[in-house]
Protein chains: 2
Amino acid sequence: MAISVRDVAREAGVSVGTVSNVLNRPAMVSPSTVTRVTEVIERLGFVRNDAARQLRAGRSRSFGLVVLDARNPFFMDVTHGAQQRALDNGYSVLMGASDDSVSNEGRLLDLFEEQRVAGLLISPVRTDLSRLWRIREAGTPVVLVDRGSGDQSFSSVSVNDVEGGRIAAQHLIDASRRRIGFVGGPMEIEQVRHRLEGAQSVVAAVPGASLEIFGTKALSVFEGRAAGERIAALPAARRPEAIFAANDLLAMGVLQALVMSGKVRVPEDIALVGYDDIAFAESAVVPITSVRQPAVEIGRTAVDVLLREAEAGPDAVREQFVFTPKLVQRASTGAGLPARP
Amino acid sequence: MAISVRDVAREAGVSVGTVSNVLNRPAMVSPSTVTRVTEVIERLGFVRNDAARQLRAGRSRSFGLVVLDARNPFFMDVTHGAQQRALDNGYSVLMGASDDSVSNEGRLLDLFEEQRVAGLLISPVRTDLSRLWRIREAGTPVVLVDRGSGDQSFSSVSVNDVEGGRIAAQHLIDASRRRIGFVGGPMEIEQVRHRLEGAQSVVAAVPGASLEIFGTKALSVFEGRAAGERIAALPAARRPEAIFAANDLLAMGVLQALVMSGKVRVPEDIALVGYDDIAFAESAVVPITSVRQPAVEIGRTAVDVLLREAEAGPDAVREQFVFTPKLVQRASTGAGLPARP
DNA sequence: CCATTGAATTGAAACGATTCATAATCTGGT
DNA sequence: ACCAGATTATGAATCGTTTCAATTCAATGG
């Protein structure tokens, strides 16, 4: 049905090998032949069959990307950066969301293994990386995204979440808040733990400061709203003076609940810091101060690392990229507060 | 290197054909053989090579999806719906964003053609569909998403954008606004044209009503903000009494600019209607009234149509699904306004 | 006990691009 | 005219799976 190299070869009066060479190493073919074959390819509308090419090559020209939540703007940006960079290098990206479920993650990995992806970018759901070890041993480079492997046994591109938590908490302390609330969860998520940890380390070092945890079941606007309602319902004296939310979706939910309650002013009564600096943090009811992660850059860098590792083969040096997040100050923590030096 | 059916066959003492049968039609193989082969597959860690499978089958088990902007929440939802429905039918989705660029779109189509995708879902950048014709003639079903083909030569799943524009404008007229501004562009985008057209048809029918166009270079918050600044800078008497933005991102930008200018109150001085009803429209400074498109449903339906068309072969009947959008009223057009019957 | 049927299994052909050892052709130097 | 060396071109083998006509085997009925 479809046109194959054989058809092109016949029509151009050359061998299939030559057609393949025109496609892949034109320098090896005489200019006149290149023109002739190219013309025939154009005329017949020949399109390479990637499956055959892959079969011969042993691996595909696409990467697998497994994110925790495809609809989270942070991962959207990571995906965007990765897709961009991959496309520039002639690769495509197979994207899938694990939605925090181990079985979804497993199914995606099955799929990607069958496709013989040239590399794997993943934000793993769990800390057990044994499956990833096996995949790498089978020859597929693996790069962890937004998640350092404690033991550096995998290359990774991540953001220093502990430092991010520290930056957020310090900002609130600098704004003279002492009783701080942390909204986030579930604690199974490493990023949540790390951000909390950073905040705790700051609070612990300041006499008179305290940190209260308001747990959530997911990192969503909905869960944030629920937490915000819980906080608004507290007697005024028991409410925290500031809240650090584990991501911006939560922060937006918290903000909505606080504002709608009518009992709490932001930032006067409660200052609020989010995390991720998604595009919409800026356009919330009160623009939200947030800790920005260079999401697009993370996606791009992850692909770069993957390309290098694929190039270098199984004994590649592991690279640990750690970006440092930075505070983007907005109205939710008041204007004119001194920025931390 | 990797384990193949041949290895499994040798180890289990059967032929390769039998291994393949165990994998694809276990009913044809005796139970005892199934168990034995399955056990060997497990033990050797055999993983099917999808490239070989595809090569034999002639086409892949994935669909290509080309959206205009992967970061736009509307398309995220479409993608989500498509992925869901595809997975339910044993297909995966290759997603790519054209970012409104003809060359990006071309590269993605090249890639998808080489992958021999089983079908193509696309929101085309331009109105020239000749390339899509060729693809379909080569045997790949094509479904246009969020974009009707005027001549019905392609199946499509879209929303009636003209009607959407009408609904938005009528809502503003009902709120006693007469001088209406339209923020949107570039006009090359069909959706923008249609929404404008709908609004114009309503305005034209109301004596004393007028529509002024504020062009933008893209459908982004940034461009919306720029347009909003232009509007805020106008002398009060020359400002429109209401604004219809071609999508919610623009509307959010406009809103930010108006509010930050300090000169304009929303909705008192200027009422605002957006389009798409993205999740964040609700959590803007002033919750934004918007025209909602059933995005997830669109993605699902598009896959359904694609499946039917793939089933029916080249002479399939073209289906034109047109959803009607509906107004979601919020504070940006004032509370308690009468909803249109 | 043979013939017939049906189930289970086999093994070679096919899919289409790439590779690589080999062959053909061309250069220019003597 | 001849040859060495460089440049081009060839085509069979290969990748791993699926398919399908052919074969084997066992069971059933006459």
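Just so it is clear, the values below take in all heavy atoms, side chains as well, and ignore hydrogens, waters and symmetry mates. In what follows, chains carry the letters A, B, and so on, assigned in the order in which the sequence lines appear, proteins first and then strands, with residues in each chain numbered from 1.
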Open item on the list: Looking only at the side chain of B:N21 (C-beta and beyond, no hydrogens), which of the listed nucleotides D:dT19, D:dT17, D:dC15 gets closest?
Closed with: D:dT19
Task: Closest to the A:T18 side chain, choosing from D:dT18, C:dG16, D:dT10 - done: D:dT10
Task: Rounded interatomic separation in angstrom, taking CG from B:L55 and C1' from D:dC15 - done: 9 Å
Open item on the list: Nearest whole Å is fine: how far is D:dG16 P from A:E114 CD?
Closed with: 15 Å
Open item on the list: Distance check needed: D:dA9 C1' versus A:R10 CZ, whole Å only.
Closed with: 19 Å
Task: Residue A:S30, side-chain atoms from C-beta onward, closest of D:dT18, D:dT17, D:dA9 - done: D:dA9
Task: Nucleotide C:dT18, atom P - distance to CZ of A:R59 in whole Å - done: 13 Å
Open item on the list: Which nucleotide wins on minimum distance to the side chain of A:V16, given the candidates C:dA17, C:dT18, C:dT10?
Closed with: C:dT18
Open item on the list: Any heavy-atom pair between the side chains of B:F46 and B:L23 that's under 4.5 Å?
Closed with: yes
Open item on the list: Quick check on DNA chain C: between B:A27 and A:V47, whose nearest nucleotide comes earlier from the 5' end?
Closed with: B:A27
Open item on the list: Is the ring pair A:W133/A:F154 parallel, tilted or perpendicular, if the boundaries are 30 and 60 degrees?
Closed with: perpendicular
- [ ] Decide yes or no for B:Q293 and B:D161: does some side-chain heavy atom of the first lie under 4.5 Å from some side-chain heavy atom of the second?
- [x] yes
Open item on the list: Under 4.0 Å, counting only non-hydrogen atoms across every strand here, what does B:V5 touch: a base, just sugar-phosphate, or nothing?
Closed with: base
Task: Nearest-neighbour nucleotide for the B:S15 side chain, D:dG16, C:dT10, C:dA17 considered - done: C:dT10
- [ ] Identify whether any heavy atom of A:N24 sits under 4.0 Å from a base atom; if not, whether one sits that close to sugar-phosphate; answer base, sugar-phosphate or nothing.
- [x] sugar-phosphate
Task: A:V14 vs B:R25, nearer the 5' end of DNA chain D by closest nucleotide - done: A:V14
Task: side-chain N/O A:R48 vs C:dA17 OP1/OP2, d < 4.0 Å - done: no
Open item on the list: Between C1' on D:dT17 and CD on A:Q54, what's the gap in Å once rounded to a whole number?
Closed with: 14 Å
Open item on the list: So, under a plain 3.5 Å distance rule, would you say the side chain of B:R56 forms a donor-acceptor pair with the base of D:dT17?
Closed with: no
Open item on the list: Are the side chains of B:F323 and B:P294 in contact, using a 4.5 Å heavy-atom criterion?
Closed with: yes
Task: B:L23 CG to D:dT17 P, straight-line distance once rounded to whole Å - done: 8 Å
Open item on the list: Under 4.0 Å, heavy atoms only, any strand: does B:R6 hit a base, just the sugar-phosphate, or nothing?
Closed with: base
Open item on the list: For the residue pair B:D50 / B:Q54, report whether a side-chain donor-acceptor contact shorter than 3.5 Å exists.
Closed with: yes
Task: Position toward the 5' end of DNA chain C (nearest nucleotide), A:S20 or B:A52 - done: B:A52
- [ ] Grab the CG-P distance between A:D7 and C:dG16 for me, whole Å please.
- [x] 9 Å
- [ ] Determine the sole option in A:E190, A:E188, A:E105 for which the salt bridge (charged side-chain N to carboxylate O under 4.0 Å, His left out) test with A:R126 is passed.
- [x] A:E105
Open item on the list: Tell me the interatomic distance from B:I3, atom CD1, to D:dT17, atom C1', rounded to whole angstroms.
Closed with: 15 Å
